[in-house]
Structures are given as structure tokens and as C-alpha cells.
Amino acid sequence: MRRYIGMAVLFVLALVLQSTVFNFLAIAGVKPDFVLLLVIYFAFTNGPGKGALMGLSLGLLEDFYIGRFIGMNALALLAAGFLAGWFETKLYKENLLIALLVVFVTSAASQGIVLFSGLAAGLNWDSGNGFNIIWPLAIYNTCLVPFTYPLFYHSFTRGWMRYRPKHEQ
Amino acid sequence: MARKRISFTLAAVIVFFVILLALVSIRFTGTGTDFPNPAGNLLREALAPLQGGVMSVTTGVRNSLASLWQFNQLSRQNQSLKTQVAELTRENNQLKQKILAGMRYEDMAKKFDSPAIWNDPYVGATVVDRNPSNWYHTIVINRGAKDGVKVDDPVITNLGLVGKVIKVTDSTSEIILILDPEGQVSGVVRQSNGAGSFGIVVGDYKRGSVATTGSLSMEVPKEDKVNPGDLVLTSGMGGVYPKDIPIGTVQQVTLDPSGLLKTATITPQVNFANLEEVFVVLTGGK
């Protein structure tokens with residue numbers, strides 16, 4: 001339960017930061033996507049099922065918050081959660097290099113889904129410009145991993161947000 | 001094995017429908033569409049104050065940091081802005097002066113009534129200089145031979161007589177004021193019985209330590225009925241000044257020591273201390 005409260009708080013924090021502070025941290029016109037990072041971290045420690053569900057709910061909330069194209073981020077974050085969760089079952093989580101790789105691949109894939117869904121839904125987007133967002137965003141998110149992943153990993157495995165069986169609560 | 005295949009098919013179907021649902025949803029909630037979004041609105045309302053606070057703090061921090069990083073640039077910018085301010089101030093002052101001059105010219109359009117003089121062509125002029133010597137009451141205006149100004153042309157304002165041109169260059173003219181002892185004018189006062197009382201209007205202005213002092217005065221025969229408040233006009237005699245240009249009003253009348261004449265002290269119509277714009281009447285030196 002604590003995990004979900006923690007995720008909710010972090011999600012709100014991420015939304016606020018995303019719409020305020022991160023505007024000033026934009027590099028090459030792209031700001032880091034902290035909600036995406038949050039979903040990836042969660043899924044990477046909790047598996048594909050929970051990861052996908054978490055991605056779907058946070059994505060939907062983000063969509064509602066943004067207020068248009070409902071489902072775009074939901075789909076993208078669902079995929080990101082599932083993908084990162086799938087990596088969880090295959091890869092060694094404690095290694096920072098692997099986390100970097102997972103974040104890069106998952107970020108790029110999820111933003112690719114945003115682009116795809118936008119184009120598939122018939123929006124007037126330029127796909128070339130879309131790739132100019134995807135790669136910098138994936139790189140930017142990856143650059144944030146060394147500062148954030150250890151904290152999350154510790155919290156998710158041994159700290160405040162770790163999984164507690166029912167009998168422990 | 002069978003169970004796994006079914007689950008794969010199911011998964012594929014679910015994925016397909018999820019994507020389909022998402023695409024349909026995206027399509028129908030695009031920019032400009034108005035759909036009920038209570039969850040989003042609630043979220044926005046709740047986050048707005050928080051965002052406001054974070055935003056102002058961030059902007060503050062960013063601006064302070066930026067000012068440190070960009071010190072050289074800001075200093076340069078400051079310098080150039082200062083220059084620009086100076087430039088704009090100068091321009092603004094010029095425009096103000098032009099507006100004020102325009103207003104004064106407009107004022108001058110309300111002229112005194114004299115058919116004799118306004119029938120002649122005239123040019124407006126600005127006073128650019130006053131005589132540096134202490135002995136003469138003259139001014140210099142920015143109109144000269146190029147504008148048709150000739151020696152002996154009368155110079156007036158909307159209120160009355162100023163003086164006459166005594167020297168002309170290409171683009172300037174020197175004018176002797178009626179205040180100068182040399183700038184004598186043949187004047188006339190209408191007596192109470194309607195007859196004219198003629199005399200020479202003479203200035204006895206002297207430069208005081210602080211301001212120019214003195215008065216215009218005119219001597220008239222003792223028996224003439226001249227009273228304070230009477231208007232003194234040019235008589236038209238002597239050939240320089242046309243008839244009926246206001247000179248001033250009689251301020252007081254005193255008896256001459258000889259007992260034959262009365263001296264009328266005259267307050268000029270024109271405020272010579274603040275003289276800035278005048279008209280030169282182009283009589284062609286006639």
C-alpha cells in the first residue's frame with residue numbers, strides 16, 4: 001500500500017516539476033519526462049503486470065491532466081511499464097549500466113508509441129520532428145538515471161516503498 | 001501448452017483492443033474538442049497553487065543565477081539601454097519642444113484686428129538670439145533674405161508690435177525692439193471724443209542687474225483727453241509701420257514739468273521677456 005501512496009505523491013510531484021522547473025532545464029527544446037521515469041523504475045522492480053497497470057493509471061491521469069488526446073500517454077506508459085517489467089524478469093536489476101540501458105530503450109519505445117498513436121489517430125504531426133523529440137528525451141532521461149535510480153532502487157527493495165507481504169503490514 | 005496458446009491469443013486480442021480504444025479516444029479528445037474531464041479539472045485545480053509557488057521560486061532562483069552567469073552581458077545590455085534612454089530622452093524633449101512651439105504658433109493665429117497689415121504676406125519666425133550688447137534691445141530671428149525679409153519690415157506678434165528689421169542676412173534678421181530708445185514709433189491714442197492724439201512712443205528700457213526695467217512712454221499735448229487704459233496704436237506716419245498695429249495700453253498719465261505736455265506711460269501688449277515666435281510682415285521695405 002505504501003508503495004502506491006509513494007507513487008501517487010511522486011506522480012503529483014513529477015507533474016508539478018514537469019510543468020514548472022523542468023521548463024528551465026530543457027535541453028535542445030526537450031525536457032525530461034519524470035512520470036515516464038517513475039513508471040519505468042516501478043515496473044523494473046515490480047514486474048510487467050503491476051508495471052503495465054501503474055503505467056496505464058498514471059498515463060491516464062496525466063492525459064486527464066493535460067486534457068486532450070486522452071489515451072496517448074496511457075498507451076505509451078502502459079507499454080513502458082510492461083516493457084520495463086519484462087526486462088525485470090530477464091535482467092539483473094542492481095547494475096546501474098543495465099538500468100541505463102533499460103531506461104534508454106523503454107523511454108525511446110514509449111515516446112515512439114506516442115508518436116505512432118498521434119500519427120495513427122490522424123494528427124498533423126511531422127514524424128521527422130517527432131524523432132527529434134524522441135532521441136533527446138531518451139538520452140535526457142538516461143542521464144537522470146545515475147542521480148535517481150539508486151534512490152528508487154533502494155526505496156523499492158529495502159526502503160520505504162518496498163514490497164511488504166500482507167502479514168507484515 | 002494449450003493454455004499458453006489461448007492466453008497468447010487472448011493477450012493479442014486485449015492488446016489490439018487496448019490500442020484501438022486508445023486511438024479512438026485520442027481521435028475524439030483532440031485539441032478543440034470539448035468533452036467532460038472532471039478528473040483532469042480536479043487535478044489541475046488541486047495542483048495550480050502548488051505550481052504557482054514552485055514556479056515563482058524557480059523563476060526567482062533562475063533569474064538570480066542568470067544574473068550571475070550573464071553579468072558581462074547584462075552590463076553591456078545596461079550600457080546600451082542607458083544610451084538608448086539618453087537618446088530617447090533627447091528625442092522626447094525635442095518632440096515636446098516642437099509641440100510647445102506648435103501650440104504657441106496656434107496661439108498666434110488669434111491675431112489682432114487690422115486689415116491694413118494682415119493683407120500683406122507675412123512669415124513666422126523663431127527668435128534665435130538676443131543682442132549680446134547691453135546697449136541695444138535687439139533680437140535675431142531665423143528668417144532672412146531667402147524668405148523675402150527686407151530692412152524696415154515690421155515685426156509683430158498676434159498681440160501687437162514688436163519692432164522692425166534693421167539688418168538682414170541670408171537666413172537671419174536682426175530686429176530692433178520698440179523698447180530700444182532708437183526704435184521709436186509714431187503712435188496714436190483715440191481720445192474720448194474720438195479724435196486722434198498723436199505722439200512718438202519711445203522706450204527708455206535699461207538693463208538692470210536682475211531684469212530689464214523701464215517703460216514705453218509717449219508725450220501728448222496737455223489738452224488731449226488721454227486716460228489710463230486707452231489703447232495705443234501705430235499711426236502709420238513715418239512710413240515704416242503700417243497703421244493700426246497695437247503697441248500697448250496707457251498705464252498712467254503724468255504732467256510734464258514744462259507744463260505743456262503730458263507723458264503717458266505705456267505697458268506694451270507684447271511680453272518681450274518671453275518672446276519666442278514672431279511674424280515678419282513682408283511689406284517689401286515700402
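The basis for the numbers below is simple: all heavy atoms, side chains too, and nothing from hydrogens, waters or symmetry mates. Below, read A as the first sequence line, B as the second, and so on, with proteins coming before strands; counting in each chain starts at 1.
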Would you name the heavy atoms of [X] and [Y] that are closest together and state the gap between them?
X: B:Ser25; Y: A:Gly71; answer: OG-N, 4.2 Å
X: A:Leu61; Y: B:Leu43; answer: O-CD2, 3.8 Å
X: A:Tyr65; Y: B:Arg44; answer: O-NE, 2.7 Å
X: B:Leu23; Y: A:Ser117; answer: CD2-O, 3.5 Å

Ranking A:Val16, A:Leu78, A:Leu60, A:Leu56 by heavy-atom pairs under 4.5 Å to chain B gives rank one to A:Val16
Most chain B-contacting option - heavy-atom pairs closer than 4.5 Å, from A:Leu17, A:Leu75, A:Leu15, A:Asp63: A:Leu75
Would you say [X] has more than 12 foreign heavy atoms packed within less than 6.0 Å of its [atom1]?
X: A:Phe131; atom1: CZ; value: no
X: A:Tyr41; atom1: OH; value: yes
X: B:Glu45; atom1: CD; value: no

With only heavy atoms counted, which part of B:Leu42 is less than 4.5 Å from chain A, the side chain, the backbone, both or neither? neither
Sort A:Ile70 into side chain, backbone, both or neither according to what part of it lies under 4.5 angstrom from a heavy atom of chain B. both
Is A:Ile66 in contact with chain B via its backbone, its side chain, both, or neither, using a 4.5 Å heavy-atom distance? backbone
Just so I understand: if I count every heavy-atom pair under 4.5 Å between each of B:Asn41, B:Thr58, B:Ile26, B:Val24 and chain A, which residue has the most? B:Ile26
